[in-house]
Undergrad: 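Please read through the structure below; I'll follow up with questions.
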Amino acid sequence: MVYESQHPLVKHKLTLLRNASTKPKKFRELVREITLLLTYEATADLGVHQVNVETPMGTAVGDELADKIGLIPVLRAGLGMVNGIWEMMPGAEVWHIGLYRDERTLQPVSYYNKLPTAPTVQVCLVLDPMLATGGSAAATIDILKNWGANRIKFVGLLAAPEGIAALQKAHPDVPIHIAKIDERLNDVGFIVPGLGDAGDRQFGTG
Ligand code: PRP
């Protein structure tokens with residue numbers, strides 16, 4: 001399933017994010033804010049356990065999250081998507097996956113993975129702003145499935161139709177939550193009209 005956000009705040013903030021004159025500090029703030037809004041939508045089906053809570057007036061029936069959540073930022077650009085969610089879900093674990101895209105072949109190359117042998121979380125949120133060819137997302141989800149994770153969601157900001165199709169083909173069980181599906185990929189594998197390089201624009205390295 002593909003969920004393209006219809007929320008007006010997401011649309012407004014994405015427009016600011018795309019703007020070439022938006023500087024890295026503002027860009028990082030927008031990545032954080034849009035990610036929070038998308039995660040609110042992406043986590044709507046999380047399970048809860050019923051618990052009792054003592055209020056100053058008596059006992060209320062409440063809920064607590066049933067599953068341990070893993071945040072999986074794909075380095076580098078996914079890093080800016082972590083902190084907002086982590087403030088909202090401080091009990092989440094963060095497991096970094098390092099991948100870069102070979103500029104010539106556009107294939108993902110893995111360079112960092114410190115996952116322990118056995119899975120420690122029940123639900124994984126893969127965080128990467130850009131779903132271009134879909135190769136990086138599919139490779140990350142391959143890694144998580146080999147680890148033993150079985151409930152995985154992808155949360156991104158912009159996608160090309162080509163990336164959506166590739167990820168759905170490779171991992172049809174993984175829902176895709178995205179702010180916007182753009183027109184296409186250009187001949188060097190960038191999303192058009194897109195927002196440029198999400199890593200460079202966050203870290204001021206463009
Ligand atoms: C970008 C982006 C994704 C990947 C998307 O990362 O953040 O990880 O490319 O492309 P794909 O869907 O075609 O695989 P990049 O390789 O530029 O690395 P960086 O985040 O370290 O800048």
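In each ligand, atom 1 is the first atom listed, and ligand 1 is the first ligand listed.
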Undergrad: Does Y112 have any ring pair (Phe, Tyr, Trp, His ring centres under 6.0 Å) partners at least two apart in sequence or in another chain, and if so, which?
TA: none
Undergrad: Of all residues at least two apart in sequence or in a different chain, which pass the ring pair (Phe, Tyr, Trp, His ring centres under 6.0 Å) check with H177?
TA: Y3
Undergrad: Any salt bridge (Lys or Arg N to Asp or Glu O under 4.0 Å) involving residues 2-24? Give me the pairs, sequence neighbours left out, ordered by first then second residue.
TA: K13-E33, R18-D182
Undergrad: Which heavy-atom pair separates L99 from S136 by the least distance, and what is that distance?
TA: CD1-O, 3.3 Å
Undergrad: List, ordered by chain and residue number, the protein residues whose closest non-hydrogen atom lies under 4.0 Å from any atom of ligand 1.
TA: L75, R76, A77, Y100, R101, D128, M130, L131, A132, T133, G134, G135, S136
Undergrad: Please check if the side chain of Q122 supplies one atom and the backbone of K68 the other of a donor-acceptor pair under 3.5 Å.
TA: yes
Undergrad: Within a 6.0 Å radius of atom CD on E103, are there more than 12 heavy atoms belonging to other residues, nucleotides or ligands?
TA: no
